[in-house]
Visitor: 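One structure, as structure tokens, below. Some questions next.
The shown structure was predicted, so the numbers you read here are calculated from the model rather than taken from an experiment. Numbers for residues simply follow the sequence, beginning at 1. In each ligand, atom 1 is the first atom listed, and ligand 1 is the first ligand listed.
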Amino acid sequence: MIKDIKNIFCVGRNYALHAKELNNEIPTSPFLFSKPTHSLVEANGQSITLPSNQGSVHFETELVIHIAKQFESGMKVDEIVDSMAIGLDLTLRDVQSQLKQKQHPWLLAKGFKNSAVVSDFIPFPGVEACEQLDFSLLKNGERVQVGNIKDLLFDLQTIIEFTAEHFGLGKGDIIYTGTPSGVGPLSDQDQLSLNWGGNEIGSCSVTMG
Ligand code: ZN
């Protein structure tokens, strides 16, 4: 599945409480960045190696949508999205803070190898059904983040149209739609469970390499 993924787009600051917890302003238009495809890794029970010598690696748990076809004007979310996953937009937080100070791009903090974790992709049930279920991350058995796309500042339709307009959007692209509050650091041997509606659809452990 992940070998067919083309572009990886990510939305920043798309939940008000998360923007606040990092002392960021709430954006007035969607805020996007991307990751290289080499950053992709599946949460299929395996151990994932992360950098140990560049400061803290934060988890950001996000609903990830998979695009089924070329976007055309007027297309609705339920037509263009065929599957979804729960993902981790892993972030070198200390590196990101330094990059922000220097007003440099975020690639070093967001695009490192294994920084784009995805669970299994499951059929997309539609926006309305999605809003009935929460996604969450369990770290060593404790629920550390929970989110629901009904709290998005920019909803899926807006994100899709914005991405298509500025970058193009087509079959095989995925979008990380933003993280709710509760982000935090990972440690060696952490066990992670990615949940959708209370069911685990991805898991992995962490090796700080
Ligand atoms: Zn994120």
Visitor: Are the aromatic rings of F31 and W106 close, with centres under 6.0 Å apart?
Guide: yes

Visitor: Ignoring hydrogens and geometry beyond distance, is a side-chain donor-acceptor pair present between S193 and S203 at under 3.5 Å?
Guide: no

Visitor: Looking only at N, O or S atoms, find the one in E62 nearest to the Zn ion (ligand 1) and name it.
Guide: OE2

Visitor: Between F154 and F162, is the ring centre distance below 6.0 Å?
Guide: no

Visitor: Taking the N/O/S atoms of E60 one by one, which is nearest to the Zn ion (ligand 1)?
Guide: OE1

Visitor: Could you check which N/O/S atom of D89 is closest to the Zn ion (ligand 1)?
Guide: OD2

Visitor: Checking side chain to side chain donor-acceptor pair (under 3.5 Å) between T179 and each of E60, E62, Q145, which is the one that passes?
Guide: Q145

